[in-house]
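Every heavy atom of this structure was used, including side-chain atoms; hydrogens, water molecules and symmetry mates were not.
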Amino acid sequence: MNKVGYQDNVKTLTQIIGHRERGHNIGLLGGTFNPVHTGHLIIADQVRSQLGLDQVLLMPDAIPPHVDRKHAIDASHRVNMLRLATEDNAKLGLELSEILRGGKSFSYDTIKELTHRFPNNNYYFIIGGDMVEYLPKWYRINDLIKMVQFVAVRRNGYPFTSKYPVVWVDVPMIDVSSTLIRSKLHQVQSIRYLVPTAVDNYIKENHLYE
């Protein structure tokens, strides 16, 4: 088990994830992003910084395969908000392969596609600590773990152990979720500081979640 504290230095983290001779080290943070919020951005930026990754790509799904199907607004709006949320950070970006492929967004299919398109990239799949216990249920997990390094963000109340090779990262957590954002919008309450200002403006201009 590897545990990474955000106070640790880059040298130690490099030793944990290993030295890569070739290619770029790319983090992937998947989700519905309905909508993207400050918590997503903190996780992406902190994991990138702590692990010394070249970039973290936020990857909206088409249909999430591991949770009960949830209604999400049109993918074009979710992508537009992600672009606005990441445009001031060159170390963050978007990966749209799951939206473009459509259907259920199985991570195995996604990583297989990405490693074929970008064979020199090393991928680090970022998940919440609450998702680790579900890894045995992921589609073709035994093949997937050979293709990607899982990185788990530690969550209070959830064990940080796994039979799979997971790198654990501590990230300052704020108690915000997309569900909370939507709830506040339904109640005509402020979401200022819970999402980037540009995303707040986009939601209002397009009358989303009303």
Side-chain angles (χ1 to χ4, degrees), residues 1-20 23-33 37 39-70 92 95 97-98 104-115 118 121-179:
M1 175 182 67
N2 297 320
K3 175 181 177 298
V4 179
Y6 60 85
Q7 71 278 15
D8 293 338
N9 60 47
V10 173
K11 182 179 178 181
T12 300
L13 299 173
T14 302
Q15 291 171 341
I16 290 173
I17 67 175
H19 177 67
R20 300 290 188 176
H24 293 97
N25 295 321
I26 305 296
L28 294 171
L29 178 60
T32 305
F33 301 108
H37 55 70
H40 293 130
L41 300 174
I42 290 174
I43 289 172
D45 187 63
Q46 283 293 312
V47 171
R48 189 211 63 75
S49 176
Q50 291 180 43
L51 297 188
L53 303 180
D54 294 294
Q55 194 175 34
V56 168
L57 304 179
L58 283 74
M59 185 169 64
D61 52 38
I63 300 175
H66 303 300
V67 297
D68 294 336
R69 184 168 182 177
K70 299 175 181 177
L92 302 184
E95 172 51 59
S97 58
E98 293 189 343
K104 282 193 174 183
S105 300
F106 289 110
S107 299
Y108 171 82
D109 294 336
T110 303
I111 298 300
K112 183 179 179 181
E113 176 187 340
L114 291 177
T115 53
F118 308 105
N121 281 354
N122 309 302
Y123 285 105
Y124 298 81
F125 203 107
I126 304 165
I127 60 175
D130 55 325
M131 291 296 296
V132 171
E133 63 181 315
Y134 295 104
L135 282 178
K137 299 179 181 179
W138 283 37
Y139 176 64
R140 297 191 65 167
I141 183 62
N142 290 328
D143 293 317
L144 182 60
I145 60 173
K146 298 174 184 175
M147 302 160 64
V148 67
Q149 170 66 61
F150 276 99
V151 177
V153 175
R154 190 179 174 188
R155 294 271 175 85
N156 291 332
Y158 293 92
F160 50 103
T161 58
S162 175
K163 67 178 183 180
Y164 298 110
V166 173
V167 172
W168 293 86
V169 178
D170 285 328
V171 170
M173 301 299 295
I174 62 171
D175 190 14
V176 58
S177 67
S178 296
T179 301

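- For the pair Asp109/Tyr139, a side-chain contact is recorded, criterion being any heavy-atom separation below 4.5 Å from C-beta on.
- From Gln55, atom CD reaches atom NE2 of His24 across 9.0 Å, with rounding to the nearest 0.5 Å.
- Put simply, the side chain of Leu58 reaches to within 4.5 Å of the side chain of Leu41, judged on heavy atoms.
- Going from atom CD1 of Ile127 over to atom CZ of Arg155 covers 10.0 Å, rounded to the nearest 0.5 Å.
- Atom CD1 in Ile126 sits 7.5 Å away from atom CG in Leu28 (nearest 0.5 Å).
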- Go through the steps to decide whether Tyr158 and Val132 satisfy the test side-chain contact (heavy atoms from CB on, under 4.5 Å), and finish with yes or no. CA-CA 9 Å; Tyr158 293 92; Val132 171; over 6 Å; no
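- If you look at Trp138 and Tyr164, their ring centroids are not closer than 6.0 Å.
- Closest approach of Trp168 to Gly129, counting heavy atoms only: CZ3-CA, 4.1 Å.
- Of all the heavy atoms in Lys163 and Pro136, the pair that sits closest is CE-CG, 4.4 Å.
- Counting only heavy atoms from C-beta outward, the side chains of Met59 and Phe125 approach each other to under 4.5 Å.
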- Task: Show your working on side-chain contact (heavy atoms from CB on, under 4.5 Å) between Leu135 and Val166 and close with a plain yes or no.
- Result: CA-CA 10 Å; Leu135 282 178; Val166 173; 4.2 Å; yes
- Message: As a quick check of understanding, evaluate side-chain contact (heavy atoms from CB on, under 4.5 Å) for Phe150 and Ile141, giving each step before the final call.
- Response: CA-CA 11 Å; Phe150 276 99; Ile141 183 62; 4.0 Å; yes
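- Here the closest non-hydrogen pair linking Val176 and Gly39 is CG1-N, 3.8 Å.
- Listed here is the closest heavy atom pair of Val171 and Ile43: CG1-CA, 4.1 Å.
- For the atom pair OG1 (Thr32) and CD1 (Ile63), the distance works out to 10.5 Å, reported to the nearest 0.5 Å.
- In this structure, Glu113 contributes its side chain and Glu98 its backbone to no donor-acceptor pair below 3.5 Å.
- Classified by interplanar angle (parallel below 30°, tilted 30° to 60°, perpendicular above 60°), the ring pair Phe33/His40 is perpendicular.
- In terms of modelled atom types and a separation under 3.5 Å, the side chain of Glu95 and the main chain of Ser97 share a donor-acceptor contact.
- A heavy-atom distance below 4.5 Å is found between the side chains of Val167 and Gln149.
- Atoms CG and CG, on Asn25 and Asp54 in that order, are 5.5 Å from each other to the nearest 0.5 Å.
- Of all heavy-atom pairs spanning Leu92 and Asp45, the tightest one is CD2-N, 4.2 Å.
- Taking CE from Met147 and CZ from Arg140, the interatomic distance works out to 8.5 Å, rounded to the nearest 0.5 Å.
- Annotation: side chain of Tyr123 is in contact with side chain of Leu114 (closest heavy-atom distance under 4.5 Å).
- In terms of heavy-atom proximity, Ser105 sits nearest to Ala62 at OG-N, 2.9 Å.
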